2 protein chains.
Amino acid sequence: MLYISLTMIKDKVDLFIKACRSMGLRITPQRVAVYEVLLSRDDHPTAEEVYNEVKKRYPFVSLATVYRTIETLEQLNLVKRVAYWGNSVRYDANIQEHHHLICTKCGTIKDVSFDFGLNLPEKLYGYKVEGYSVHIYGVCPACQQKESLRSTHQKN
Amino acid sequence: MLYISLTMIKDKVDLFIKACRSMGLRITPQRVAVYEVLLSRDDHPTAEEVYNEVKKRYPFVSLATVYRTIETLEQLNLVKRVAYWGNSVRYDANIQEHHHLICTKCGTIKDVSFDFGLNLPEKLYGYKVEGYSVHIYGVCPACQQKESLRSTHQKN
DNA sequence: GTTCCTGCAAATGCTTTGCAGGCAG
DNA sequence: CTGCCTGCAAAGCATTTGCAGGAAC
């Protein structure tokens, strides 16, 4: 499921291309494909997941290129690393400040764009504050349903 | 710096020992030492950092034991894996609801016990809300110093 | 044509696992 | 004593890096 329209993806890709030009970076099909995959998903894929998606269009792409492209995108501030629980780093092309709704049963993460209006100081315990993200823990609709079924049937 | 008193650490270790007994787990000096190190720190050490600390008292301890002990502590719900930023998983023996100050350069995580007083609805996008944690991103004092040094010397 | 980027493969770093001996109970 | 736990070493993954050829400009 796309969380932004194809037109918006195209616009963002155009901005990426402009950013590359202005930085003297080359615009390669692999770079565009990696960014498009990241833009088209709101489920915070791992590098490997992006790789599998890109491979559908460019079967000879290498995982190393995906990692290198993501690093470039991070430096251009077009992609952010998402703090996460698990073994792999996850990435997010949604650059606007937003928050995460995490299911404590199945681990699914959903974006929340609500503004909590937190007033953070510029400095906190000596840290130079850059931004924040609220992680809300809860049970997703699917898991709630599973729970109620389970209690009805006395299973597990 | 200790964020809880020695008495509190002792109490928590006693609870851990009781939990081990009730589960049929053996109480070994290594296990106690790993838990004590985790209790005594609020900076969410990596397994390696715990290992280095434990090694001061038990020079022959192995990193594998530290990993296995942390896994045991997680299963006993005495230690939590925290959302991480860098390359290693970080652990936390503070089980109460609290927030995190994360360095985007080196991944260090500091506890913030400040109450942000967010009023979350009971339901959000169909999720049954249970709690939240604020992740504040920034640059820690050590990394700020490194950054200013680098710009002074025009390196990289 | 020049330089940067890519694919491949090897290296690195973090974490897990198999095994034989040792210690807690 | 018995069997779980430990230390060691090797294996298993995720990610990074070196290098030679190829593509972008």
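Worth knowing before you read on, the calculation uses all heavy atoms, side chains too, and leaves out hydrogens, waters and symmetry mates. Small disclaimer: the values here were computed from a predicted structure and weren't measured.
Ion pairing between a basic and an acidic side chain is recognised when a charged N comes within 4.0 Å of a carboxylate O; A:Arg81 and A:Glu74 show such pairing. Under 4.0 Å is where a charged nitrogen must lie from a carboxylate oxygen, and between A:Lys12 and A:Glu36 no such pair does.
Of the N and O atoms on the side chains of B:Asn94 and B:Asp42, not one donor lies less than 3.5 Å from an acceptor on the other residue.
The distance between atom CZ of A:Arg81 and atom P of D:dA14, rounded to the nearest whole Å, is 15 Å. The nearest whole Å value for the distance from the CZ atom in B:Arg21 to the P atom in C:dG25 is 7 Å. If you take CD of B:Glu71 and P of D:dC5, they are 12 Å apart, rounded to a whole angstrom. Protein atom CD of A:Gln30 is 14 Å distant from nucleotide atom P of D:dG22, rounded to whole Å. Between the C1' atom of D:dT6 and the CG atom of B:Leu63 lies a distance of 13 Å, rounded to the nearest Å. Here D:dC5 presents its C1' atom at 15 Å from OH of B:Tyr58, a figure rounded to the nearest Å. In this structure, B:Ile70 places its CD1 atom 11 Å from C1' of C:dT15, rounding to the nearest Å. If you measure from atom CG of A:Leu25 to atom P of C:dT3, you get 16 Å, rounded to the nearest angstrom.
Contacts of A:Arg68 with the nucleic acid, taken as non-hydrogen atoms under 4.0 Å apart, include base atoms. Looking at heavy-atom distances under 4.0 Å, A:Pro29 makes contact with sugar-phosphate atoms alone, never a base.
Checked against C:dC14, D:dT6, C:dT17, the side chain of B:Tyr67 finds its nearest nucleotide in C:dC14. Which of D:dT15, C:dT15, D:dC5 sits closest to the side chain of B:Ala47 comes down to C:dT15.
Taking the nucleotide of DNA chain D with the nearest heavy atom to each of B:Thr65 and B:Arg26, the more 5' of the two is matched to B:Arg26. Comparing B:Val61 and A:Ile27, the nucleotide of DNA chain D nearest to each residue sits closer to the 5' end for B:Val61.
Regarding contacts with the backbone of C:dC14, every side-chain N or O of B:Thr46 stays at 4.0 angstrom or more from both OP1 and OP2.
The aromatic rings of A:His98 and A:His44 sit parallel to each other, their planes meeting at less than 30°, with 60° as the upper class boundary.
Rounded to the nearest 0.5 Å, atoms CG (B:Leu118) and CZ (A:Phe114) are 8.0 Å apart.
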